[in-house]
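A quick write-up on the structure given underneath.
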Amino acid sequence: MDKQKLCIITGPTAAGKTRLSIEFARKIGGEIISADSMQVYKYMDIGTDKIKPENMGGVRHHLIDFLDPNEDFNVFTFQKLAKEAVSDISSRGHIPVIVGGTGFYIQAVLYDIDFTETDEDDSYRRLLEERVQKEGVHNIYEELMKVDPASCEIIHENNAKRVIRALEYYKKTGKPISEHNLTQRQKESSYDFKYFVLTDRRDILYSRIDKRVDLMIEEGLEDEVRKLAAMDIPRTATSMQGLGYREMLSYIDGECDLERAVYLIKRNTRHFAKRQLTWFKRERDVIWLDKNEYDHDDQKILKEMLKYYEE
RNA sequence: GGACUUGUAGCUCAAAUGGUAGAGCGUGGGACUGAAACUCCCUGUGAGGCGGUUCGAUACCGUCCGAGUCUA
């Protein structure tokens, strides 16, 4: 049986994925699955730069704007929903196009990474978090050293989050996560995929980010965040970790002035774009599309993408 | 015009009784496999110019240039 076709359009934030993806999807008869950890949330439109229905050009979108900001969202959930969407789309004879900047999410779907090993119980994680609060990471790092020294080679001691997860994994499965990761890494994709990474010169990217943040402020980001705050969404919620939301909340709570908040949003977004690029650089079988090499002309890029697609 | 302060890494600033200097932030690079817009790691030879004193000056002296504060 032939492999299922799948396209991916990703790249750092503000590279111009959204607009391009609409044209591309229309050309190939595709439907879009958003791979964005924040655009899943309702009431978070400005800060996530969520596409407006009138800009969708008739292309159907999945995994966007459906979750309450109080709810948690993570890779596993995304993977499950995305796989459902993929089969739904292909069952109707369309091509699934994954669009978004969360590389981890894309990987989870593309290589069908196995996350099914554990239950929902996170009491152990909570316990470890508390211990880190009180004792620092060192002690639990030592514990990880005993059960999974290979992970200690990879995870830096200061990276409490990853140390906790490694211990949690061991506790729940009796196996080291390092071993699991190793086998997952070997996987071949079961899709016939084209993985496009849209990018641009760094300075252009950065100035686009700055402009976009200014625009968000003009469009009323503050108001959007105030409304969320009024909905009693805790600052620790996954949704409130989103860029722009975190910083705005600290401004609203009087921890800094607006100017500072805006500066931080811009800076953190730049850092984020950099991290995204690092991620895509080490992904296999990626097709880089540097806008700079196509005179920043979407039509030229689109032509190139279609060429790859026909292959 | 006079008095004073000041000129150290892209930015904000340290330190060293004269023995060639660090921090934070930015920048750049990297990791990442149920939190990922998360979390974490690595990354800095740079003293305004010219003279002088000295074995040796970014530090002392002179001078020029730039910045700031006060003042007739």
Side-chain angles (χ1 to χ4, degrees), chain A residues 10 12-14 34-41 44 47-50 69 71-82 100-122 124-126 128-129 132 137 141 151-169 171-173 175-187 202-203 205-206 209 212-213 216 236-249 260 263-283:
Chain A
T10 186
T13 186
S34 165
D36 187 301
S37 62
M38 290 299 151
Q39 292 191 8
V40 294
Y41 289 111
M44 293 170 60
T48 64
D49 200 35
K50 198 184 286 163
E71 307 233 32
D72 272 335
F73 193 71
N74 58 45
V75 216
F76 181 46
T77 315
F78 172 80
Q79 188 192 45
K80 220 163 44 189
L81 297 176
T102 309
F104 188 26
Y105 285 12
I106 294 168
Q107 189 185 57
V109 173
L110 191 55
Y111 294 105
D112 199 23
I113 305 294
D114 178 22
F115 295 118
T116 55
E117 80 286 330
T118 55
D119 48 47
E120 302 270 297
D121 178 25
D122 63 353
Y124 185 58
R125 180 188 291 194
R126 291 253 171 75
L128 291 173
E129 281 169 352
V132 168
V137 231
Y141 192 70
S151 278
C152 288
E153 300 266 312
I154 299 161
I155 304 168
H156 191 278
E157 177 168 341
N158 291 347
N159 203 343
K161 219 167 189 171
R162 300 257 138 77
V163 175
I164 289 172
R165 169 92 262 261
L167 277 170
E168 180 186 50
Y169 185 91
K171 165 103 171 175
K172 296 204 167 179
T173 65
K175 288 182 196 158
I177 196 169
S178 48
E179 200 177 284
H180 173 257
N181 292 168
L182 215 60
T183 56
Q184 295 304 307
R185 215 187 305 263
Q186 319 279 338
K187 280 190 167 176
R202 194 65 65 88
D203 57 333
L205 222 44
Y206 283 4
I209 287 171
R212 188 151 100 179
V213 173
M216 285 176 182
T236 50
T238 306
S239 59
M240 291 303 109
Q241 314 245 19
L243 275 167
Y245 295 89
R246 253 194 320 196
E247 296 86 349
M248 267 303 178
L249 280 172
R260 171 84 183 154
Y263 165 79
L264 286 175
I265 295 172
K266 287 176 180 173
R267 187 197 68 183
N268 295 343
T269 306
R270 285 197 298 269
H271 288 173
F272 172 53
K274 230 234 92 219
R275 267 181 275 131
Q276 288 176 302
L277 284 165
T278 301
W279 179 282
F280 300 126
K281 274 186 212 163
R282 57 147 221 184
E283 277 291 354

Quiz item: How many Å lie between CG on A/Leu182 and P on B/rU33, as a whole number?
Solution: 12 Å
Quiz item: Taking the C1' atom of each, how far is B/rU53 from B/rA14, in whole Å?
Solution: 28 Å
Exercise. Starting from C1' on B/rA36, measure out to CD on A/Gln241 and report it in whole angstrom.
Key: 10 Å
Quiz prompt | Phosphate-side-chain proximity, A/Asn159 and B/rC40, N/O vs OP1/OP2 below 4.0 Å | solution = no
Exercise. Output all residues satisfying salt bridge (charged side-chain N to carboxylate O under 4.0 Å, His left out) with A/Arg162, sequence neighbours left out; order by chain, then residue number.
Key: none
Exercise. For B/rG49 and B/rU71, measure between their P atoms and round to the nearest Å.
Key: 33 Å
Self-check item: A/Glu129 (side chain) and B/rA35 (base): donor-acceptor pair under 3.5 Å
Solution: yes
Quiz item: Between B/rG19 and B/rU58, how far is it from one P atom to the other, in whole Å?
Solution: 12 Å
Is there any protein nitrogen or oxygen under 3.5 Å from a nitrogen or oxygen in nucleotides 26-28 of chain B, and what are the pairs?
unit_1	atom_1	unit_2	atom_2	d
B/rG26	OP1	A/Arg267	NE	2.9
B/rG26	OP1	A/Arg267	NH1	2.8
B/rU27	OP1	A/Arg270	NE	3.0
B/rU27	OP2	A/His271	NE2	2.6
B/rG28	OP1	A/Arg202	NH1	3.4
B/rG28	OP2	A/Tyr206	OH	3.1

Contacts under 3.5 Å, N or O only, protein and nucleotides 11-13 of chain B:
none

Quiz item: Can you tell which of B/rA37, B/rU33, B/rG34 lies closest to the side chain of A/Ile113?
Solution: B/rU33
Quiz item: Given B/rA37, is OP1 or OP2 found less than 4.0 Å from the side-chain N or O atoms of A/Thr102?
Solution: yes
Quiz item: What distance, rounded to whole Å, do you find between the two C1' atoms, one in B/rU6 and one in B/rC64?
Solution: 16 Å
Quiz item: Just wondering, more than 12 heavy atoms not from A/Lys175 lying within 6.0 Å of its NZ?
Solution: no
Quiz prompt | Steps toward salt bridge (Lys or Arg N to Asp or Glu O under 4.0 Å) verdict (A/Glu168, A/Lys171) | solution = CA-CA 5 Å; A/Glu168 180 186 50; A/Lys171 165 103 171 175; over 6 Å; no
Quiz item: Can you check whether A/Phe104 stacks with the B/rA36 base, using ring centres under 5.5 Å and planes within 30°?
Solution: yes
Exercise. Rounded to whole angstrom, note down the C1' distance from B/rU12 over to B/rA72.
Key: 35 Å
Quiz item: Counting side-chain heavy atoms from CB outward, which of B/rU33, B/rG30, B/rA37 is closest to A/Thr278?
Solution: B/rG30
Quiz item: Of all the base pairs, Watson-Crick or G-U under 3.5 Å, which form stems of three or more consecutive pairs involving RNA chain B?
Solution: B:1-7 with B:65-71, B:10-13 with B:22-25, B:28-31 with B:39-42, B:48-52 with B:60-64
Quiz item: Among the nucleotides B/rA37, B/rU39, B/rU33, which one has an atom lying closest to any side-chain atom of A/Thr48?
Solution: B/rA37
Quiz item: Between B/rU17 and B/rG51, how far is it from one C1' atom to the other, in whole Å?
Solution: 26 Å
Exercise. Not counting sequence neighbours, which residues clear side chain to side chain donor-acceptor pair (under 3.5 Å) with A/Thr269? List them please.
Key: none
Exercise. Send over the distance from A/Arg162 CZ to B/rA36 C1', rounded to a whole Å.
Key: 7 Å
Quiz prompt | Shortest non-hydrogen separation from A/Leu81 to A/Phe73 and the atoms involved | solution = CD1-CE1, 4.1 Å
Self-check item: Phosphate contact (B/rG34 OP1 or OP2) by A/Arg165 side-chain N/O below 4.0 Å
Solution: yes
Each nucleotide N or O in nucleotides 41-43 of chain B that has a protein N or O under 3.5 Å away: list the pair and distance.
unit_1	atom_1	unit_2	atom_2	d
B/rC41	OP1	A/Asn158	ND2	2.7

Quiz item: Looking at the side chain of A/Lys281, which of B/rG30, B/rU39, B/rA37 is the nearest nucleotide?
Solution: B/rG30
Self-check item: Interatomic distance at P, B/rG10 relative to B/rG28, whole Å
Solution: 15 Å
Quiz prompt | Nearest-nucleotide 5' precedence on RNA chain B, A/Gly242 against A/Leu277 | solution = A/Leu277
Quiz item: Of the options A/Glu283, A/Arg275, A/Gln276, which is the one that meets A/Trp279 in a side-chain contact (heavy atoms from CB on, under 4.5 Å)?
Solution: A/Glu283
Quiz item: Taking the same atom, C1', in B/rG24 and in B/rA9, what whole-Å distance lies between them?
Solution: 12 Å
Exercise. Select from A/Arg185 and A/Gly47 the residue whose nearest nucleotide in RNA chain B is closer to the 5' end of that strand.
Key: A/Arg185
Quiz prompt | Protein-nucleotide distance (A/Glu283, atom CD; B/rG30, atom P), rounded to Å | solution = 14 Å
Quiz prompt | Base B/rA36 paired with A/Asn74 side chain (donor-acceptor, <3.5 Å) | solution = no
